Amino acid sequence: MLIAGNWKMYKGPAETAEFCLGLREADLGPAEVVVCPPFVSLAVAVQVLAGTEIAVAAQNVHWDEQGAFTGEISARMLREVGVYGAIVGHSERRQLFGETDGAVAKRAEAALAAGLSVIACVGETEGERDRGETEDVLRRQVSVLPDDDDLVVAYEPVWAIGTGKTATPEIAQDAHAFVKSLLDRPVLYGGSVKPDNAAGLLALPDVDGALVGGASLELDSFRAICLAASS
Ligand code: PGA
């Protein structure tokens with residue numbers, strides 16, 4: 001079971017150091033735990049979590065090693081800081097920053113080639129689900145992802161992210177089974193995962209962990225979700 005906390009644009013270096021000190025002390029159970037702070041907080045997270053089993057990943061990564069790409073960060077730079085992996089294709093990147101399937105594929109391939117692990121996000125919008133397009137969308141998004149031992153997929157229905165609307169167990173299980181029929185890799189669930197719904201979602205046969213946004217920002221709720229992974 002992999003539990004990843006996607007901090008989005010929260011926690012600068014000082015707050016990150018404090019949070020990671022708390023994580024060091026916390027009993028998180030046997031789950032594999034990853035935190036994904038903003039770029040400027042990665043180095044301090046790596047330092048504070050050194051010597052623990054908790055890994056640090058970035059929220060995005062560029063496909064070139066270096067170059068004229070204002071605002072981007074390369075896999076080699078992330079490796080230099082001691083980061084273990086990166087999220088690619090989060091729906092906020094796709095929706096707010098025009099990220100295409102092609103760009104997501106390039107980011108994933110370059111990160112894997114550089115030795116990073118990748119969490120690749122896929123998921124349909126509410127409109128796509130209502131129009132019966134969920135499987136088409138998932139097929140399109142998953143088909144460009146490399147089949148690699150260091151890649152995990154995160155199924156995050158866009159309508160469930162930050163909304164408090166979680167996918168029902170049936171919806172999550174169906175989508176996860178469908179994603180696995182396309183690409184045989186572990187699939188995390190994401191979208192309003194909270195301490196009170198985590199155990200039910202994580203118990204589903206094709207759910208291999210969670211990508212947690214809002215509830216990963218507080219130590220108590222993140223710890224409770226990590227512990228739910230082992231129950
Ligand atoms: P949420 O975000 O848990 O706040 O819904 C999940 C995500 O965007 O990864």
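What you are looking at is a predicted structure, and each value in this text was computed from that prediction instead of being measured. In listed order, ligands and their atoms are each counted from 1. Just so you know, these numbers use all the heavy atoms, side chains as well, and skip hydrogens, waters and symmetry mates. One-based numbering along the sequence shown.
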Should you measure from each heavy atom of [X], which atoms of ligand 1 turn up under 4.0 Å away?
X	value
G191	5 (O)
A160	5 (O)
S192	1 (P), 3 (O), 5 (O)

Could you say whether the N/O atoms of [X] and ligand 1 ever approach to under 3.5 Å?
X	result
A215	no
E92	no
K8	yes
T163	no

Give a yes or no on whether a salt bridge exists between R223 and D27, defined as a side-chain N under 4.0 angstrom from a carboxylate O.
no

For [X], is the nearest heavy atom under 4.0 Å from an atom of ligand 1?
X	result
G190	no
S216	no
H90	yes
G162	yes

For atom 7 (C) of ligand 1, tell me which residue out of Q59, E156, K165 has the closest non-hydrogen atom.
E156

Relative to each other, are the rings of F19 and F222 parallel, tilted or perpendicular (30° and 60° limits)?
tilted

Using a 4.0 Å heavy-atom threshold (strictly under), name the region of N6 that reaches ligand 1: side chain, backbone, both or neither.
side chain

Which heavy atom of D150 sits nearest to which heavy atom of R185, and what is that distance?
N-NH2, 4.3 Å

Are the side chains of L49 and V35 in contact, using a 4.5 Å heavy-atom criterion?
yes

Could you check whether any side-chain heavy atom of V158 comes within less than 4.5 Å of a side-chain heavy atom of Q95, counting everything from C-beta outward?
yes

Between OH on residue Y84 and CG on residue L42, distance to nearest 0.5 Å
13.5 Å

Taking side chain to side chain donor-acceptor pair (under 3.5 Å) as the test, write out the residues that go with E218, two or more places apart.
none

Looking at residues at least two apart in the chain, or sitting in another chain, which of them share a salt bridge (Lys or Arg N to Asp or Glu O under 4.0 Å) with K106?
none

I need the nearest protein heavy-atom contact for atom 3 (O) of ligand 1: residue, atom name and distance, please.
G213 N, 2.9 Å

Nearest protein heavy atom with distance in Å, relative to atom 4 (O) of ligand 1:
G214 N, 2.8 Å

Applying side chain to side chain donor-acceptor pair (under 3.5 Å) between Y155 and each of Q141, E124, K180, report the one that passes.
E124

Among H90, R94, R107, the one residue meeting side chain to side chain donor-acceptor pair (under 3.5 Å) with E99:
R107

